[in-house]
Amino acid sequence: MYAYTAGRRAFEYANYAFLTLLSLACIFPLVHVLAISFSSSSAATAGLVTFWPVGFTTKSYQYILDDPSFIRSFGITLERVALGTAINMVLTVLIAYPLSKEARQFKFRTVYAWYFVFTILLSGGLIPWYMTIKSTGIMDSIWALVLPGAVPVFNVILLLNFFRGLPKELEESAFIDGSGYWGALWRIYVPLSMPSLATILLFTIVGHWNAWFDGLILMNSPANYPLSTYLQTILTKINMSSLSTDQMKALAAVSDRTAKAAQIFLGALPILIVYPFLQRFFVKGIVMGSVKE
Amino acid sequence: MAQFARKFRQIPLHLMLLPGVILVFIYSYLPMAGIAIGFQKFMPSKGMFGSKWTGLDNLHYMLNMPGIGRVVFNTIYIASMKIALGQIFPIVIALLLNEIVRQKFKKIVQTLIYLPHFLSWIILGGILVDILSPGQGIVNQFLGLFGVKPIYFLGDNDWFPYTLVVTDIWKEFGFNTIVYLAALTAINPSLYEAAYMDGAGRWKQTWHVTLPGMMPIIVLLATLSLGNVLNAGFDQVFNLYGPAVYESGDIIDTLVYRTGLVDMQYGVATIVGLFKSVVSLILISVSYWTAYRFANYRIF
């Protein structure tokens with residue numbers, strides 16, 4: 001639909017070049033850190049590493065895998081991801097289904113819907129939230145990491161919009177065959193919405209893996225930190241103290257640069273592993289959430 | 001009798017909602033009641049009912065806090081830049097990607113640009129602290145090739161807010177690009193043919209067909225992002241800032257954290273948080289209402 005002029009050709013080359021550079025800019029930082037993590041500490045300290053390890057060694061990884069706090073917090077994160085995701089998914093399905101009914105069929109639907117949506121609009125803020133959790137007595141336990149965020153309202157909205165798009169006749173025929181609401185949800189709605197549920201599942205897993213702030217303030221003992229919180233205290237520690245530029249340089253010159261790089265990479269690794277699956281559902285998921293009729 | 005049965009048929013639906021209702025009540029509605037802390041000299045040992053009521057003292061204290069104006073300014077300044085550039089940049093990239101004929105290349109670019117979206121600010125913070133360090137950070141090494149003196153991106157008040165904005169765009173632009181690309185594919189191809197017949201070149205086609213086609217979604221996302229004017233990004237700032245850049249980088253959320261959980265001034269921190277919650281409530285309501293009114297958008 002256009003004439004292939006010299007100008008057009010020049011634009012296309014420039015466009016390919018620009019988008020290539022942009023894409024590289026998105027992953028080079030990660031590649032750089034990966035290269036540092038496999039480099040010898042002297043090479044990393046001297047700043048010789050760019051995108052390929054210099055003086056290849058796996059010492060940093062051995063060092064980390066020998067570190068009991070790293071392993072322990074990794075275990076806590078696994079527990080959190082499993083328990084938290086299970087709770088989130090069950091509640092999302094159980095809430096989305098009644099809310100997807102029309103007010104004609106379920107009179108209280110609108111009241112319930114506003115009850116949940118209102119929490120998006122207004123929150124009590126950090127301190128009252130913290131005090132509430134403290135007074136429910138779950139501080140320092142795994143429950144503090146999974147119960148306060150047990151109802152992911154945005155996912156509920158996503159799923160209820162999907163439920164609404166399913167043909168009502170399926171449910172009606174199930175009712176005629178003697179099934180109740182539980183049966184219709186379990187035998188019709190859940191199997192039919194597997195792609196959406198898979199999207200929400202992956203997002204939930206990533207969310208739990210990445211969460212760090214609740215661990216930081218709700219866990220009194222560092223022994224209970226999930227991995228992201230543990231990494232937070234290590235990776236950004238330098239920043240939290242007031243250092244001059246020169247002190248900063250001196251500290252950065254300590255050979256823990258390679259160790260930190262390895263920790264960064266291990267922290268990102270699970271995300272990189274699920275990423276191919278994520279991105280398959282990703283477009284569908286966000287289009288479902290933000291562009292709808 | 002039939003009516004009786006009908007009435008009770010909905011019980012399973014209530015039962016399904018019950019666990020969620022209880023959990024949301026405890027962890028979302030009780031904290032809203034806890035806003036009362038903001039009007040007390042709150043002592044955790046005495047609890048909300050035992051602490052002394054002090055009326056608006058905390059509010060006065062907040063208004064007289066040194067640097068509070070600066071913090072509000074930083075929040076709005078950083079958030080506005082993020083909102084504006086976070087809208088424009090993905091639109092440009094989506095338009096450029098739309099010009100790519102080779103589907104495979106397009107796919108690879110898409111795959112790479114939204115990878116950072118899924119990494120947390122802990123991981124990205126760790127990476128940024130390394131690559132932006134004035135010592136052996138690779139960014140400064142690269143700039144050094146052109147004779148640029150090392151820049152302390154995370155420790156210099158002249159640079160810090162812009163570093164925040166650029167790195168935030170870097171993390172998130174891929175996400176919005178995908179949304180805009182989805183809007184682009186929904187444009188009817190016959191519009192391009194008609195424009196071509198009328199003598200429109202590629203540039204004019206973009207201007208008169210593509211952009212108007214994207215307009216509804218652009219307006220919608222821009223409107224909804226207005227609710228974020230006080231959200232300058234706690235996760236990011238918290239993991240990148242330090243006392244050296246409080247002047248240019250301290251935002252409401254980080255101030256609440258430090259006042260409340262580090263300095264234990266619970267009442268003051270609550271009132272600052274309440275101020276933010278109320279302004280955000282108004283902004284979000286207005287933006288959702290506008291989106292509903294003009295784009296017929298409803299969240300559920």
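Every chain is numbered from 1, with letters handed out A, B, ... down the list of sequences. Predicted, not measured: the structure shown is a model, and the values here were computed from it.
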Can you name the closest pair of heavy atoms from [X] and [Y] and give their distance?
X         : Y         : answer
Gly34(B)  : Pro128(A) : O-CG, 3.6 Å
Pro148(A) : Tyr27(B)  : CA-CG, 3.6 Å
Cys26(A)  : Pro116(B) : O-CG, 3.8 Å
Ile264(A) : Gly126(B) : CD1-C, 3.4 Å
Ser123(A) : Ser277(B) : O-OG, 3.2 Å
Ile95(A)  : Gly20(B)  : CD1-CA, 3.9 Å

Any side-chain heavy-atom pair of [X] and [Y] under 4.5 Å:
X         : Y         : answer
Met16(B)  : Leu185(A) : yes
Leu17(B)  : Phe108(A) : no
Leu272(A) : Phe118(B) : no
Thr270(B) : Leu126(A) : no
Asn210(A) : Ile122(B) : no
Trp129(A) : Ser28(B)  : no
Ile108(B) : Ser23(A)  : no

Please classify the contact of [X] with chain B as side chain, backbone, both or neither, using a heavy-atom distance under 4.5 Å.
X         : value
Ser135(A) : neither
Ala150(A) : side chain
Phe213(A) : side chain
Leu216(A) : side chain

What residue, out of [options], has the most heavy-atom pairs lying under 4.5 Å from chain A?
options                                   : result
Pro19(B), Pro44(B), Gly137(B), Pro31(B)   : Pro31(B)
Leu97(B), Asp253(B), Ile138(B), Ile131(B) : Ile138(B)
Val24(B), Leu18(B), Leu23(B), Ile284(B)   : Val24(B)
Leu128(B), Val278(B), Val256(B), Ile93(B) : Ile93(B)
Phe173(B), Trp121(B), Phe142(B)           : Phe173(B)
His14(B), Arg102(B), Gln141(B)            : His14(B)

Pairing of Lys260(A) and Asp130(B) as salt bridge, 4.0 angstrom limit: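 No, this pair does not count.
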
Under a 4.0 Å threshold between the charged nitrogen and the carboxylate oxygen, would Glu99(B) count as salt-bridged to Arg8(A)?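 Here Arg8(A) pairs with Glu99(B) in a salt bridge, since their nearest N and O are under 4.0 Å apart.
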
Just how far is it from atom CG of Leu269(A) to atom CD1 of Ile123(B), taken to the nearest 0.5 Å?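 Interatomic distance, Leu269(A) CG to Ile123(B) CD1, rounded to 0.5 Å: 10.0 Å.
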
How are the rings of Trp212(A) and Phe234(B) set to each other: parallel, tilted or perpendicular (split at 30° and 60°)?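 It falls in the parallel class, under 30°.
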
For the pair Tyr29(B) and Phe118(A), name the ring-plane relationship: parallel under 30°, tilted 30 to 60°, perpendicular over 60°.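 If you compare the ring of Tyr29(B) with that of Phe118(A), the planes turn out parallel.
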
Let me know if Leu30(B) has heavy atoms under 4.5 Å from chain A in its side chain, its backbone, both or neither.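 For Leu30(B), backbone and side chain are both near chain A.
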
